[in-house]
Protein chains: 2
Amino acid sequence: MRVTINDIAKKANVSPSTVSRVIANNPRISSTTSEKVLKIMKEMNYHPNMIARSLANRSTKIIGVIVPGAIEKAFQHPFFPEILRGIASEAHKNTYNILISSVTEVKDEKQVINELAKGGIAEGIILMTSRMKDPSIAELIKINFPFVVIGRSMVDSEINWVDNDNFSVAYELTKHFINQGHKKIALIGVSKQVVVTLDRLEGYKKALLDSNLEIDEGLIVEGKFFDDIGYGLMKKILDEGARPTGVIACDDVLAFGAIKLLTEYGLKIPDDIAVAGFNNLPLSDYSTPSLTSVEVNAFGLGAKAFQLLIKSINSNYEVFNKAIVPAQLVIRNSTLKQV
Amino acid sequence: MRVTINDIAKKANVSPSTVSRVIANNPRISSTTSEKVLKIMKEMNYHPNMIARSLANRSTKIIGVIVPGAIEKAFQHPFFPEILRGIASEAHKNTYNILISSVTEVKDEKQVINELAKGGIAEGIILMTSRMKDPSIAELIKINFPFVVIGRSMVDSEINWVDNDNFSVAYELTKHFINQGHKKIALIGVSKQVVVTLDRLEGYKKALLDSNLEIDEGLIVEGKFFDDIGYGLMKKILDEGARPTGVIACDDVLAFGAIKLLTEYGLKIPDDIAVAGFNNLPLSDYSTPSLTSVEVNAFGLGAKAFQLLIKSINSNYEVFNKAIVPAQLVIRNSTLKQV
DNA sequence: TCTTATTGTGCAACCGCTTGCCCTGCGTTT
DNA sequence: AAACGCAGGGCAAGCGGTTGCACAATAAGA
C-alpha cells in the first residue's frame, strides 16, 4: 500500500494536519518539527497524493487541450504539434500539466468537455479548432468554464481566442507577388469551413483590388485543407485553361503538391510560375527551389493561448481577450525570379 | 457551486449511494428509481466529479507521457509528435486520457515522476527517451510503477520497451546501396548517446562485412541527432578527402543538409552520389530528388507502447514485454540511378 | 504574580464519490 | 402462519488530503 500522510504522522508523532502544514511550508510550524517530519518523509519515500490534494483544494494544475476530431487525423499536420509545443512549454513553466483529449467514436464532443470541465479534471481548456462554429464552444460558455480557442472562431458570444493575422499576411504575400510583376495569381486550398483560409482569401482580394487587378474566381480554388491535394487542385486550374503566373497555396503541403504537377507540366519555378505556401514547414527551406511561405508561429500561438487561459482562470470577472500573433512572410526562391 | 451527487440525491429523495449506483449502472437499482434519478441528473446538468471518483476508485484513467528535456526541444522533430499521436490514438480508444509532462528547469526528472507516479495522477507512464541510461527508469523501477520506454534502453533490469528494428533495416538499407554498386558508403549522424543510431551503425557494419566490404571509420561520422548539421557533417567528409558514392544519414533532416552541401559541390544526386535518410519525413517524398528513407512507423511505436502499458497496468504479476515494431525501407529516387 | 499575546499543534469537518454490510418489505415455501 | 429468500435501498466508513478553530504552552506586559 502506498504511504500516506497518516503514516508519516504516526511515525513522526504528530498529527496529519501538521504533516500537511509541513508540506505546505506553513510558517506556523516550528523548524524543529518541520525538519523531523521532512526527514521521515524522505525515509519513507513519501509523496503526497495529488488526487486527494486536488479534491481538497479544488485545483488540479491541469489544463485540458482538446483536439478536433480524432487526434490521429489532426496531428497529421505539423501545425498542431507545434501549437501543442507552445502550450506545453508555457504550461510547464507555470507548473501546469496538460491533458490531451480528442473526440473519438467512443467519446464524443460533449463527453470530452463534461469530463474535463464539469468533471473537475481541468482548470481550463484550450480548444484547437478551425471550424466556423464549434458546438463545444457553446457548451463551455453555458457552463461558464475558462477556455480559449485557437483560431478565430465565428461565434456570437465574447470568448477568448488567439489567431494569426492571416488577413494582413495574405495581403502582404499577394503584394509580394504583384511586386514581382504577377497579375494572374491563383489561390488554392480555400475552405469555407476553415476560418484561416477565409481570412487569407480576404487579404488576397484586398491586395488585388488595391493594385487595381481583377479578381478572377477561376483562380480561386476550394480544397480540403489537410489533404495533399495540391496536385489535383493545380491540375484543375491548368486543365481549365487558366494560366496563372503565380500560385498561393493555403498550406505548404498543398504548395508542394502543386509544384509536383507544375514540374510534370514542364513549368519552371519560379521563372514560369511562382509558388508560395503557408505554415512554413521545416523543410520548405530545403526544397529546390526553396519555398516562399508564411511563418505562422504556431508555437507562439500555443504559448499565447496558455497565457490567456491562465489569466482567465485566475480572474473572476469575465474579461475576454483576443490575441493576434503576427505571422511573418518568409520569401525564398520559389517566388524570386533569378537575376 | 457545482452540483454534486448529494444535490441529486436530495432532489430525488434517495440516498447518495443510490445515485452513485445509478451512475454505475448497478443492477440492484430498480428501473423506476434509476429513471427518476437520471432525469434529475439531466435537469440539473450534473456530471460526476472525476477527481473525487478517482480518489475513491484509485483509478484515474490517465497515463502520463514524459518527454525528454524541455518539450519545446523534443517536439522540434516530427518523430515525437508522431509517437504521441500513436499513444493518444490508442489511449483514446481505451478511454484513457494522456497527460504530458516534460522535464524543465522548474520541474526536474524526479519531480515529474513523483507527481505522476507516486502522486497517483497517472496509472502508468510512457517514457520517451533515447538516452542510454535514463535516471527516470531507475526511479520507476524502484517504486515498482507500470511504465514502458520508447526506444530500447540499455538498462540492466527487465523493463517494458518498444523499438524499431533499427539493426535490420539499416542492414537492408546498406545492402540496397551495395546492390546499386556502391562500395564506399558514408554513415552520418551516429551518436553514442542515442541507442537507435548505434543499432543502425551495427546493421550498416554487418551489411558491409557480409559483402566483404571494408569498414572505413573515416566514413562514419558522429553528429548530434536533432540538429540539421548534415551540411557540416557532409562537408567534413568531403573536405577530408573521402569520396563516398553513397551516404546514409541517421535522419532525413541530416540527409537534406547533406544534399544541400553536395549540390553546392556540384555533385548530382543520385548519379554522382546516392543519399538516404531515416524517419521518412512527410516531405521526403516531395523533395527533388525524392529521398530514400526508412519509415520507422513512429505512430505504431506509440500505439504499441500504449498496448504494453495497459497490459502492464492490468497485470499484477511482473511480466515484461518488448515489442519490435518493423521499420520499412522506402526506396526513392535519391538512391536509384536513372535508367 | 496574574493577565494577555504569541507560537505551535491537534481536532474534526469537509472535498465528492464508492461500496461492504445491514435493514425493510414483500412474495414463496411448507 | 411461521420461516425464508430476495430485491431494493440506506448507513457510514473510507479514499488522502486541507483548514478553520480550539487549545496548551510559553513569552511578554502590567
Side-chain angles (χ1 to χ4, degrees), chain A residues 1-38 40-41 44-62 114-123 143, chain B residues 1-38 40-41 44-62 114-123 143:
Chain A
M1 196 72 280
R2 201 182 272 130
V3 31
T4 75
I5 209 171
N6 296 296
D7 303 331
I8 304 293
K10 259 172 220 151
K11 201 119 182 177
N13 266 320
V14 295
S15 73
S17 35
T18 299
V19 177
S20 172
R21 292 196 173 100
V22 168
I23 298 170
N25 232 314
N26 188 313
R28 299 182 68 80
I29 303 294
S30 73
S31 55
T32 327
T33 314
S34 181
E35 275 160 26
K36 176 177 64 178
V37 171
L38 284 172
I40 296 193
M41 284 174 37
M44 303 190 66
N45 197 16
Y46 168 79
H47 190 270
N49 181 313
M50 304 309 275
I51 301 293
R53 174 179 282 184
S54 293
L55 180 59
N57 280 337
R58 287 166 221 74
S59 145
T60 58
K61 284 290 195 171
I62 291 177
N114 273 342
E115 208 173 292
L116 261 50
K118 291 202 236 162
I121 296 182
E123 294 179 19
I143 62 175
Chain B
M1 197 74 278
R2 203 183 270 131
V3 31
T4 75
I5 209 172
N6 296 297
D7 303 330
I8 304 292
K10 259 171 218 151
K11 199 116 181 179
N13 266 320
V14 295
S15 74
S17 35
T18 300
V19 177
S20 173
R21 293 197 171 100
V22 169
I23 298 170
N25 233 316
N26 188 312
R28 299 179 69 76
I29 304 295
S30 72
S31 55
T32 326
T33 314
S34 180
E35 277 160 25
K36 178 177 64 179
V37 171
L38 284 173
I40 297 192
M41 282 173 42
M44 301 189 67
N45 197 17
Y46 169 79
H47 190 272
N49 182 313
M50 306 308 277
I51 302 291
R53 173 179 284 183
S54 293
L55 180 59
N57 279 339
R58 286 168 224 72
S59 145
T60 58
K61 285 290 197 170
I62 290 177
N114 273 341
E115 208 175 293
L116 260 49
K118 292 202 235 161
I121 296 182
E123 294 179 20
I143 62 174

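Order of the sequence lines fixes the chain letters, A, B, ..., with proteins taken first and strands second; residue numbering starts at 1 for each chain. Remember, it's a predicted structure, so these values are computed and weren't measured experimentally.
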Rounded to whole angstrom units, what separation is found between the [atom1] atom of [X] and the [atom2] atom of [N]?
X      : N      : atom1 : atom2 : value
A:E35  : C:dG8  : CD    : C1'   : 15 Å
B:N57  : D:dC15 : CG    : P     : 13 Å
B:R2   : C:dC17 : CZ    : P     : 9 Å
A:I5   : D:dC15 : CD1   : P     : 14 Å
A:R58  : D:dT19 : CZ    : P     : 9 Å
B:R53  : D:dG14 : CZ    : P     : 22 Å
B:I51  : C:dT18 : CD1   : C1'   : 16 Å
A:K118 : C:dG16 : NZ    : P     : 16 Å

As a check of understanding: the bend across the helix from C:dT1-D:dA30 to C:dT30-D:dA1, end axes from five pairs, rounded to 10 degrees, works out to 50°

Closer to the 5' end of DNA chain C via nearest nucleotide, is it B:M50 or A:I29? A:I29

With DNA chain C as reference, determine whether B:T18 or B:L55 sits nearer its 5' end, using the nearest nucleotide of each. B:L55

base_contact_polar (C:dC17 base, B:S17 side chain, donor-acceptor, <3.5 Å): no

Where is the tightest heavy-atom contact between [X] and [Y], given as atom of each residue plus distance?
X      : Y      : value
A:A52  : B:L55  : CB-CD1, 3.8 Å
A:I121 : A:E115 : CG1-O, 3.7 Å
B:I23  : B:Y46  : CD1-CE2, 3.8 Å

Verify the contact: side-chain N or O of B:T4 to OP1 or OP2 of C:dG16, cut-off strictly under 4.0 Å; return yes or no. no

Check whether any side-chain nitrogen or oxygen of A:Y46 sits under 4.0 Å from OP1 or OP2 of D:dG16, and answer yes or no. no

Among B:I8, B:V37, B:I29, exactly one meets side chain to side chain contact (heavy atoms under 4.5 Å, CB included) together with B:V14. Which residue is that? B:V37

Identify which nucleotide among D:dG16, C:dG10, D:dG8 has an atom closest to any side-chain atom of B:S30, counting heavy atoms from C-beta outward. D:dG8

Walking DNA chain D from its 5' end, the first of B:A52 and B:T33 to be reached, judged by nearest nucleotide, is B:T33

Determine whether B:I40 and B:V19 make a side-chain contact, defined as any pair of heavy atoms from C-beta on separated by less than 4.5 Å. no

Taking the side chain as every heavy atom from C-beta outward, state whether B:N45 and A:K118 have any pair of such atoms under 4.5 Å apart. yes

Reading nucleotides 21-27 of chain C from 5' to 3' and marking B where a protein heavy atom lies under 4.0 Å of the base, S where only the sugar-phosphate is that close, and - otherwise, the string is B------

Please say whether more than 12 non-hydrogen atoms of neighbouring residues, nucleotides or ligands are located less than 6.0 Å from NZ in B:K11. no

Using a 4.0 Å heavy-atom cut-off across all strands, classify A:N26 as base, sugar-phosphate, or nothing. nothing

Touch class at under 4.0 angstrom, heavy-atom based, for B:V19 against every strand present: nothing

Output the distance between atom OG1 (A:T4) and atom CE (A:M44), rounded to the nearest 0.5 Å. 8.5 Å

So, does A:N26 use its side chain to make a donor-acceptor pair with the main chain of A:R28 at under 3.5 Å? yes

Could you pull out all residues at least two apart from A:T60 that satisfy side chain to side chain contact (heavy atoms under 4.5 Å, CB included)? A:S54, A:I62, A:E123, B:I51

